[in-house]
Amino acid sequence: MAEIVGAYFTSHVPAIGGAIARGDQNDPYWKPFFDGFPKVREWLAEVKPDVAITFSNDHGLNFFLDKMPTFAVGAAAEYRNADEGWGLPTYKSIEGYPELSWHIINGLVGDEFDPVTCQEMLVDHALSIPFELAWPDVEAWPVKLVPIGINTVQHPLPSAKRCLALGRSVYKALQSWKGDEKIVIIGTGGLSHQLDGERAGFINKEYDEFCMENLSKDPDAMTRDSIHEIVRLAGTQGVEVLNWIAARGALGPGAVERHRNYHIPISNTAAATMVLEPA
Ligand code: DHB
Ligand code: FE
């Protein structure tokens, strides 16, 4: 049976890619954020995952407002990166793992989720930035990818409860996977941020702390709020916390916190990085 080694969570602000390209990691603005990553890298070097199952949102690269799947699972042999308009470099392609993707898709459909299955899928800053942060100097990514997309963009969004259940269904599917790989779960986006409108720049440290505290101990507590309440608490884009909630579900029933970093602001975002291990 495969082993879930843990879960890594991070914000995915595109400007991080610009900071990496310029070598600004020690710049006073960026340092408190990048200082959260040596611990993540040490942990990854220790647990050595072969596969990453990721939960993130597409930002208009694969799906636009005219066609927006609530849940989408990649089942491609390769995922190319593309920039949907931030002026970022093109990052390395990520190798897929179609057999595991289809196993997970079968599990999800068996549990009455109805994901869109994508045999072609591009990846945007929501995946490439977390990968660059985790494995900064590698020639090829050390993991194969199963990407799971959640609509956090075009309302109606799935409820937090539904996202946690989606993650738990992925966990259940992994229990019957015959491979013996080491799997890291990755959740990206958040925490609180709002990019436009009257509340542009909105950040809510108290709600972020509620989320970070409950992520390991009581993820069901993160499902107490309706989507509109989460938008009010976390901001219109802070609702990307749904990706964290689903990823937490995929980690399994119990979890212990291994690492946390939180810094306000990076661009418009309360930037958070966490590592959890199965309890
Ligand atoms: C920012 C944050 C995001 O999550 C995103 O997808 C784009 C931009 C920001 O804070 O600039
Ligand atoms: Fe985002």
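Every number for a ligand or one of its atoms is a count from 1 in the order of the listing. Note that these values count all heavy atoms, side chains included, but never hydrogens, waters or copies made by symmetry.
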Cluster overlap V241 with F210, hydrophobic side-chain contacts below 4.5 Å: yes
Atom indices of ligand 1, in the order listed, that fall short of 4.0 Å to a heavy atom of H125: 5 (C), 6 (O), 7 (C)
Contact (N/O only, under 3.5 Å) between E240 and ligand 1: yes
Heavy-atom proximity to atom 2 (C) of ligand 1, best of T269, T152, N268: T269
Identity and distance of the protein heavy atom lying nearest atom 7 (C) of ligand 1: P14 CD, 3.2 Å
SB check D220 R248 (cutoff 4.0 Å): no
Part of Q237 with heavy atoms under 4.0 Å of ligand 1, whether side chain, backbone, both or neither: neither
Numbered atoms and elements of ligand 1 in range of W86, under 4.0 angstrom, heavy atoms: 7 (C), 8 (C)
Test: D50 and K144 ion pair at under 4.0 Å: no
Shortest protein heavy-atom distance from atom 11 (O) of ligand 1, along with the residue and atom involved: S267 OG, 2.6 Å
Test: R80 cationic atom under 6.0 Å from Y91 six-membered ring centre, within 45° of axis: no
Check: Y97 ring centroid to W177 ring centroid under 6.0 Å: yes
Ring centroid separation F33 to F37 under 6.0 Å: yes
Heteroatom test (N, O or S) for H12 near the Fe ion (ligand 2), limit 2.8 Å: yes
N/O donor-acceptor pair under 3.5 Å between E240 side chain and G190 backbone: yes
Closest approach of any protein heavy atom to atom 3 (C) of ligand 1, naming residue and atom: H193 NE2, 3.4 Å
OE2 (E240) - the Fe ion (ligand 2) - NE2 (H59) angle, nearest 10°: 90°
Side-chain heavy-atom pair D114, F71 within 4.5 angstrom cut-off: no
Those atoms of ligand 1 less than 4.0 Å from some heavy atom in H59: 6 (O)
